[in-house]
Amino acid sequence: MNIKEIESKWQKYWDDNKSFKAETGGNKKPYYILVEFPYPSGAGLHVGHVRSYTAQDAMARMMRMQGYNVLYPMGWDAFGAPAEQYAIKNHIHPKEAVKENIKTFKAQMKSIGFSFDWDREFSTTDPEYYKWTQWQFLQFYKHGMAYKDTIPVNWCPTCKSVLSNEDAAGGVCERCGSQVEQKEKSQWMLRMGDYAEDLLKGLDDTNFADRVKLGQINWIGKSTGVEVDVEIVGGGKFSIFTTCPETIYGITFFVIAPDGKLIKELMDRVENKDEVNAYIKETALKSNMDRTELNKGKTGVEVKGIKAINPVNGKEVPIFLGDFVLGDYGTGAVMAVPSHDQRDFEYAKEHNLEIIQVIDCGDISEHAIEKTEYMGHDYKMINSEEFNGMTVDVAREKISDMLVEKGLGRRVNNYKMRDWIFSRQRFWGEPIPMVNCPKCGWVPLNEEDLPLLLPDVAEYEPTEDGESPLANITDWVNCKCPKCGGDAKRETDTMPNWAGSSWYFLRFMDAHNDKEFASMDAMKYWNRVDWYNGGMEHTARHLLYARFWVQFLYNIGLVPHKEMIWTRVSHGMVLGSDNVKMSKSKGNVINPDDIVNEYGADTLRTYEMFMGDYQMDAPWSTDSLKGCKRFIDKVARLIDKVNDKSGFTESLESIQNKTIKKIEYDLTHMGYNTAISSLMILTNAYDDLESITKEDYHLLLTLLNPIAPHITEELNEMIGFKPICESEWPKYDEEKTVETVKEIAVQVNGKVRGTIEVRVEDDDNSIKEKAMDNENVKKHIEGHEIVKVIVIKGKIVNIVIK
RNA sequence: GCGAGUAUGGCGGAAUUGGCAGACGCGCUAGACUUAGGAUCUAGUGUCCCAGACGUGCAGGUUCAACUCCUGUUACUCGCACCA
């Protein structure tokens, strides 16, 4: 039989026998392994998918044999712009395109032999699924977690389309190259900002890899500081946020955001309105553009006619507009202390403003000396009235206390993470189940009327003014208000791609439930995702959205844990053989189908596990792939060496036990490459012998099976064993993993001068004697004084001489 | 700029804890078997001035012993980028 036949034979066997079906319940210990479900693009499965799916597949296959009830599901994250674009071009419904793509992806996955439980398969675009995404949105709404707000969006005047930040990179429309503008739009928002602290704390209840936790922490971006009220000369006030209250006596001006609310309020009193308005306009054009290039200098204008008062010393200072201050972070206004903030320093130089040093930490004539440089030193305060002479960290606390006591300020935390903009002006997404009634305002759909289906039409160009294509479909838009029954209009925006992927792992626990998104019983049984693998590019945003979503569901009593994902790891990319990211334009794309056809699925799987450290990027190498093919062939050829003896070959005992232990460790610690290496070593040990027993061979095949499941099942059947996927994982004997006789190195002053054979039972003294007795060692210690001899059992002997 | 990660032969990469650096594989060299070899097998393969010395980006340090720990530094990759 050739490889193709063998592979389809076993794939059919697994399908027919539902070998990998995960039942909810039972006595076995549940274990939930999850890989990120893919976006089924027209390009088909990528070799990068194969890498992580194989890794987790190997883990799943081994753990099933070890007696776990393993849930290893697969589904489709199929809403999104590419399917919509494709559909517009070809005048078909995106669901048709998605159906085709899913078919391709599924066939590809099956041809590689992943042990997914296909009975739990679903797509985020299935009405049975997005019904519950909509239902959950309604819960957000009902708990005051969803609201409408007017915020600027990227707008391409040529394409008449709203663009994502990625599509508007550099301030130019990715599709047509026109200048992107800012347009105000009313959008649905989720109050994710309220969860910042909980999302930070929740990390303690996870086992995420350190670099993943750090990514989350950085994205949340907590900073602790003081919010200070500032009076305006002649009435009025505003607040600023600072993380450096110790520098407050160094304020020489304030800067407010051109896109903030404050300047609008003050506009009546502004003397140079034209200049200020021009600057506001200029900023609007610039915002969201790649500002790096544009901000070599610090632009800004003075707001003439208005002065602010430094709350701690009553000093009157000017107010400026500056686009480096963001309207939507903190209070939209900052105090400027040019002596101790480089950005303020540059601004002051540019606009000829006063610089007052308040920390005696050296020369500031060339650049500011910032917090990172002055904190942690014993620098003393100067020019700060009663705080003069205090060290910086003492002054920091004292000044904060003083501000709070005098009612001038409050200690607060600020977060970079904002509320979640939840509206997309797209057709191919979950419709937001809200109705706008002229009498009742925004009214949620009744839960029993879900799902709110997407209309079945084939034409959906975006509207002239940037509304979602749904706005053109009047039959769909016009509806009755669920509350008063009068004429009303539906919300035409749809949800972002991130919505459906924020809870899909819960659905897998109970995929066919039509009463709930998933039953509490099923979720309690599976407990949480034990092991979640995905790309580094999703460890910040997707994971954060998913955690936020789950924490909300937990708070309203719908899921059993506040964190439903225990371990999160991320894999490296598979690069082209030229060591850069695979892309059509570079012509370095490898199609997994071609590899399966030419070399077989087992070889592809083995190679992708062997190619390098799982967590790091690795370039594709067809030569290396061929090496893995040779290895598989070698394993297959060993069948000719199988003899009639029973039991295991004695001389192999130690290496066999060691290999079992190693594979178990490696497959659960992402050491896939070294797992294969140890299997190669075992194979070579077998190959060195005249013959091996059936048991020997069966063991090797079992150990290799999680990685190369087809050929191992076939060979295993040929020697008369029942299928490996229905067998138990072998057990090793710890005592037998230790070699009784071992060769260790003898060093003299840290340099290897010889080796000796030691037995496990040898004591330090006899090892020492053996070491001193070695011919070459003798030569090196002759005539020298021996200072000491270090014996590390089973490892090394080091003789220190003078 | 900030944060994180990485750096080991010609190449991909090993080295659970500080304990013989280069496992395993690729590539390469020589040979065997062959009508043939892009099959298979055998031997070799870090560098050099080869009884020895030097070698894990670079410069120091700690230690009997450092790829591993500490200090400084360089380059590259990724993420965020005026976050007060």
Side-chain angles (χ1 to χ4, degrees), chain A residues 210-212 214-215 217-219 221-223 225 227 240-244 247 254-255 257 290-292 294-295 298 322-326 328-337 341-344 346-347 370-372 414-418 536-537 539-541 572-573 577 579-581 606-607 610-613 615-628 630-631 633-634 637 662 665-666 669 671 673-681 683-684 687 743-755 776 779 787-801:
Chain A
D210 284 346
R211 65 172 179 172
V212 174
L214 259 163
I217 291 167
N218 288 338
W219 193 274
K222 179 177 181 170
S223 50
E227 200 174 276
I240 56 103
F241 172 71
T242 180
T243 57
C244 311
T247 64
F254 288 93
V255 187
D290 197 359
R291 288 197 190 161
T292 325
L294 297 165
N295 280 280
K298 295 286 170 217
D323 66 4
F324 70 84
V325 178
L326 309 173
D328 61 346
Y329 178 77
T331 60
V334 299
M335 65 181 207
V337 182
D341 183 291
Q342 186 58 24
R343 209 180 37 196
D344 297 346
E346 284 165 30
Y347 200 89
E370 295 197 313
K371 192 177 179 178
T372 46
N414 255 308
Y415 303 90
K416 283 188 211 175
M417 191 184 76
R418 320 287 162 88
M536 207 49 205
E537 70 277 16
T539 55
R541 299 184 71 184
M573 272 190 291
S577 52
N579 232 316
V580 295
K581 207 171 160 173
T606 305
Y607 168 61
F610 188 61
M611 70 195 313
D613 183 334
Q615 297 189 74
M616 303 237 254
D617 294 352
W620 182 269
S621 158
T622 301
D623 276 337
S624 243
L625 173 86
K626 285 179 191 165
C628 291
R630 277 208 276 274
F631 165 61
D633 289 347
K634 194 171 188 175
R637 273 201 312 276
K662 174 88 177 144
Y665 183 89
D666 279 353
H669 291 80
N673 53 341
T674 48
I676 292 172
S677 150
S678 64
L679 287 168
M680 286 171 169
I681 294 170
T683 302
N684 290 341
D687 200 33
E743 193 175 76
I744 65 166
V746 181
Q747 298 181 330
V748 178
N749 279 356
K751 294 204 188 320
V752 181
R753 299 300 180 188
T755 55
N776 198 40
K779 224 167 19 189
V787 183
K788 64 174 157 178
V789 179
I790 294 137
V791 177
I792 308 292
K793 261 208 168 144
K795 299 259 163 114
I796 208 162
V797 179
N798 193 7
I799 302 165
V800 187
I801 58 169

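Per chain, numbering begins at 1; letters A, B, ... match sequence-line order. These numbers come from the heavy atoms of this one structure, side chains and all, not from hydrogens, waters or symmetry mates.
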If you check every side-chain atom of [X], which of [options] has the closest atom?
X        : options                : answer
A:Ile790 : B:rC26, B:rC64, B:rA84 : B:rC64
A:Trp219 : B:rC80, B:rU40, B:rC64 : B:rC80
A:Gln747 : B:rG19, B:rC24, B:rG27 : B:rG19
A:Ser624 : B:rG25, B:rU17, B:rC41 : B:rG25
A:Val800 : B:rC82, B:rC64, B:rU17 : B:rC64
A:Val334 : B:rA84, B:rA14, B:rU16 : B:rA84
A:Asn218 : B:rG3, B:rC41, B:rC64  : B:rG3

Which residues share a salt bridge (charged side-chain N to carboxylate O under 4.0 Å, His left out) with [X], sequence neighbours left out:
X        : result
A:Lys222 : A:Glu197
A:Lys371 : none
A:Glu227 : A:Arg410

Q. For the pair made of CZ in A:Arg630 and C1' in B:rG38, what is the distance, rounded to whole Å?
A. 10 Å

Q) Can you tell me how far P of B:rU42 sits from NZ of A:Lys634, to the nearest Å? A)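 Rounded to the whole Å, the gap is 7 Å.
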
Q.
Quick check on B:rC64: syn or anti? Syn means the glycosidic torsion is within 90 degrees of zero.
A. anti

Q: State which residues pass side chain to side chain contact (heavy atoms under 4.5 Å, CB included) with A:Arg637; sequence neighbours excluded, sorted by chain then number.
A: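 Only A:Asp633, A:Lys634 meet the side chain to side chain contact (heavy atoms under 4.5 Å, CB included) criterion with A:Arg637.
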
Q) Dot-bracket for RNA chain B: what is it, with Watson-Crick or G-U pairs under 3.5 Å, [ ] where a pair crosses earlier ones, and | for a pair to another strand? A) (((((((..(((......[....)))((((((.......))))))(((...)))..(((((..]....))))))))))))....

Q. Ring-on-base stacking between A:Phe610 and B:rC24, under 5.5 Å between centres and under 30° between planes: is it there?
A. no

**Q.** Phosphate-side-chain proximity, A:Arg343 and B:rC83, N/O vs OP1/OP2 below 4.0 Å
**A.**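 For A:Arg343, the contact criterion (side-chain N or O under 4.0 Å from OP1 or OP2 of B:rC83) is met.
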
Q.
Distance criterion of 3.5 Å, no angle test: do you see the side chain of A:Asn798 paired donor-to-acceptor with the base of B:rC64?
A.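 Per atom types, the contact qualifies.
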
Can you tabulate the close N/O pairs, meaning under 3.5 Å, that link protein atoms to atoms of nucleotides 43-53 of chain B?
from: B:rA53; atom 1: OP1; to: A:Arg753; atom 2: NH2; distance (Å): 3.3
from: B:rA53; atom 1: OP2; to: A:Arg753; atom 2: NH1; distance (Å): 3.4

